[in-house]
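Single-structure report; data block below.
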Amino acid sequence: MPFKKLSFAAILIGVSVSFSANSATLVVGKDTPAQTETQISLPLEDIERFAAVIAHVHRYYVEPIDDKKLFNYAISGMLASLDPHSDYLDEDALKDLETTTSGKFGGIGIEILPSDGFIKIISPIDDTPAYKAGIKAGDLIVRINGKLVRDMSLREAIDMIRGESGTKVRLTILRKAAKKPLEFNIEREDIKVKSVKTELYPGNYGYIRVSFFQSATRADLVSAIEQLQKKAGTPLKGIVLDLRNNPGGLLDSAVDITELFLDSKHLKYNGLVVYTKGRIPSSDIKATATGEDMLKGIPIVVLINEGTASAAEIVAGALQDQNRATLVGQKTFGKGSVQTVLGIDEKTALKLTTALYYTPSGRSIQATGIEPDIDLPDMEIPKPEVDPDEALISISEADLERHLVNKQSKEDAAKDADAAKKAANKKEQALLYTDFPLYEALNILKGLSTATNK
């Protein structure tokens, strides 16, 4: 697969400064042998203005503050003003970034970003304290532990939400459907993300939930599919791939997973999975599929919603463009930018937006998202007070006292098989009330499977 791996180890780029009468010249070193050094001229007037601000802070600010903090604040503010995803990474932040992608980190398990002065939740991660507490994609955090987040930096918000396992954080949240702010008191945990889960439904229809793209996700997914096929006994008839509330993760992991469902011999757009475009040639990257379809062409339905973001949108967009899957749900989040980690020194770095993602057909994901093929609202069906299966009571000879027992073992086996089938069907029927989008996705998948086999 011709694709540049994204590493969270910082790329160290040397910078030297020289001064002339009216300007300062920054010479930025090359990060690859093929590149040339870049010269950037800064007016001395602006540098003097910056120095004047520092002098005034030192002289008049209510508390003494050292230069290191001031420069860190200046760098953070500059990057945060560019876009919601560019950021300054001090030593702790850089470690946090590496830890998150490995699958274990502390906190409550949410992906967030600044949004119009608030902190917006992209999505809660499966089985984390935030997920269990009822936090939803699209929620806006307005207070953290009672402190207003208005114009708070992303780093400040993250630092306040994270903490020692066993301690609690209080979030005040605005939600579209709620008439007043909601309060959540959530206990922090060491977050261990299990990124792949599976389930087998009647008729040999598989369900695969991918909650996050980590370095081990591809291997976990291959193992999960093999286990599903083994459990089914006979070939699977179709798969529901659930990417709802998947905030993304590693780009190369998302590409690897997309490849599992594509046959490189039967693809459009020269086999593209995703490509990026930026200002400089090194930002332009193409990822193509080179292998075979692990599922041998069986129908795939992909579940998406507004919490499907970044790398998850790449998977959904690629499968849609290559006519490999039917997308069901709501329009995705629209996070289609690429961040590169550039080292400032051995312990600090900056995370800078350097390019935009494009689907194989050339669609930009940024701020527009991926539209589903079948729009499906995230609605809840109220469960009836009386179970329909229990309301209709049927009585047979076997229910009567002192009935004659039929000792034919074949009939007993048939009854056992029928009971098992009814239990499985009841489990699927329960989805109507517990997960309506999945219930509908399975129905759509069955229709596609029937049409494919005609």
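It should be emphasised that the depicted structure is a prediction, and the values quoted were computed from it without experimental measurement.
- Heavy-atom neighbours of Asp67 CG from other residues, nucleotides or ligands within 6.0 Å: above the threshold of 12.
- Note that CD1 of Ile314 and CG of Leu243 are 11.5 Å apart. Values are rounded to the nearest 0.5 Å.
- Under a 4.0 Å N-O distance rule, the pair Asp375/Lys331 does not qualify as a salt bridge.
- The shortest non-hydrogen separation linking Ala130 to Ile110 is CB-CG2, 3.3 Å.
- Counting heavy atoms from C-beta outward, Ser153 and Glu156 have side chains that approach closer than 4.5 Å.
- More than 12 heavy atoms of other residues, nucleotides or ligands shown are found within 6.0 angstrom of NZ on Lys268.
- Checked against side-chain contact (heavy atoms from CB on, under 4.5 Å), Ile225 has the following partners two or more places apart in sequence or in another chain: Ile208, Leu221, Gln229, Phe261, Met294, Leu295.
- A donor-acceptor pair under 3.5 Å is formed between the side chain of Thr368 and the backbone N or O of Ser364.
- Judged purely by atom type and a 3.5 angstrom limit, Gln330 uses its side chain to pair as donor or acceptor with the backbone of Leu376.
- At least one side-chain heavy atom of Ile144 sits less than 4.5 Å from a side-chain heavy atom of Leu171.
- Looking at Glu313 and Arg363, no side-chain N of the basic residue comes within less than 4.0 Å of a carboxylate O on the acidic one, giving no salt bridge.
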Query - side-chain contact (heavy atoms from CB on, under 4.5 Å) assessment of Leu200 paired with Thr198 - result: CA-CA 7 Å; Leu200 185 66; Thr198 62; over 6 Å; no
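- Side-chain contact check for Thr326 versus Ile300: every heavy-atom pair is 4.5 Å or farther apart.
- A 4.5 Å side-chain heavy-atom check between Phe213 and Asp252 finds every atom pair outside the cut-off.
- Under the 6.0 Å distance and 45° angle rule, Arg150 counts as a cation-pi partner of Phe118.
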TODO: Take Leu140 and Ile119 through the side-chain contact (heavy atoms from CB on, under 4.5 Å) test and state the conclusion after the steps.
DONE: CA-CA 6 Å; Leu140 291 175; Ile119 300 296; over 6 Å; no
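- Considering all non-hydrogen atoms of both residues, Gly307 and Ala137 come closest at CA-CB, 3.7 Å.
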**Message:** Evaluate Arg155 against Asp90 for salt bridge (charged side-chain N to carboxylate O under 4.0 Å, His left out), listing each step before the verdict.
**Reply:** CA-CA 10 Å; Arg155 176 48 47 191; Asp90 60 18; 5.5 Å; no
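- Between Val193 and Ser211, the shortest heavy-atom contact is CG1-OG, 4.0 Å.
- The number of heavy atoms from other shown groups lying within 6.0 Å of CD (Glu183) is above 12.
- Taking a cutoff of 4.0 Å between a charged side-chain nitrogen and a carboxylate oxygen, Asp284 and Lys277 do not qualify as a salt bridge.
- With hydrogens and angles left out, the side-chain atoms of Ser253 and Asp256 include no donor and acceptor closer than 3.5 Å.
- Taken to the nearest 0.5 Å, the NZ atom of Lys383 stands 13.5 Å off from the CD1 atom of Ile381.
- The shortest non-hydrogen separation linking Gly278 to Ser283 is CA-CB, 3.8 Å.
- For the atom pair Lys351 NZ and Leu89 CG, the distance stands at 6.5 Å (nearest 0.5 Å).
- Taken to the nearest 0.5 Å, the OG atom of Ser337 stands 4.5 Å off from the NE2 atom of His85.
- Taking a 6.0 Å sphere around CZ of Phe436, one finds it holds more than 12 heavy atoms contributed by other residues, nucleotides or ligands.
- Between Ala157 and Ile112 the shortest heavy-atom distance is CB-CD1, 4.3 Å.
- Contact annotation: the side chain of Tyr358 never approaches that of Ile365 to less than 4.5 Å [non-hydrogen atoms, C-beta and beyond].
- In this structure, CG on Asp87 lies 11.5 Å from CD1 on Ile75, to the nearest 0.5 angstrom.
- Counted by atom type alone, Tyr269 and Asp321 present zero donor-acceptor pairs between their side chains at under 3.5 Å.
- When the shell of 6.0 Å around CG of Asp66 is examined, it contains more than 12 heavy atoms from other residues, nucleotides or ligands.
- The main-chain N or O of Arg244 is found under 3.5 Å from a side-chain atom of Arg209 such that the two form a donor-acceptor pair.
- Judged purely by distance below 3.5 Å, without hydrogens or angles, the side chains of Thr340 and Thr354 pair a donor atom with an acceptor atom.
- Formation of a donor-acceptor pair under 3.5 Å by the Gln366 side chain with backbone atoms of Gly336 is found in this model.
- The backbone N or O of Gln339 sits nowhere less than 3.5 Å from a side-chain atom of Thr353 that would complete a donor-acceptor pair.
- Using a cut-off of 4.0 Å between Lys/Arg side-chain N and Asp/Glu carboxylate O, Lys427 and Glu199 are scored as salt-bridged.
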| request: Determine, stepwise, if the pair Leu442 / Leu431 fulfils side-chain contact (heavy atoms from CB on, under 4.5 Å). | output: CA-CA 10 Å; Leu442 284 167; Leu431 291 173; 3.6 Å; yes
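- Side-chain atoms of Ser223 do not come within 3.5 Å of backbone N or O of Asp220 as any donor-acceptor pair.
- Between the side chain of Thr348 and the backbone N or O of Ile344 there is no donor-acceptor pair closer than 3.5 Å.
- Looking only at distances, a side-chain donor or acceptor of Asp373 sits under 3.5 Å from a matching main-chain atom of Leu327.
- Under the 3.5 Å distance criterion, the side-chain polar atoms of Asp139 are matched with a main-chain donor or acceptor of Lys136.
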(message) Walk me through whether Thr308 and Asn245 qualify under side-chain contact (heavy atoms from CB on, under 4.5 Å).
(response) CA-CA 5 Å; Thr308 304; Asn245 298 323; over 6 Å; no
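- Put simply, the side chain of Leu356 does not reach to within 4.5 Å of the side chain of Tyr275, judged on heavy atoms.
- With sequence neighbours left out, Asp46 forms a salt bridge (charged side-chain N to carboxylate O under 4.0 Å, His left out) with Arg49.
- A donor-acceptor pair under 3.5 Å is absent between the side-chain atoms of Gln322 and the main chain of Leu262, judged by distance alone.
- Between Thr217 and Leu250 the shortest side-chain heavy-atom distance does not fall below 4.5 Å.
- Contact between Val142 and Ile173 at its shortest, heavy atoms only, is CG2-N, 4.4 Å.
- Annotation: side chain of Glu371 is not in contact with side chain of Gln320 (no heavy-atom distance under 4.5 Å).
- Checking Arg188 against Thr167 by side-chain atom types alone, a donor-acceptor pair falls below 3.5 Å.
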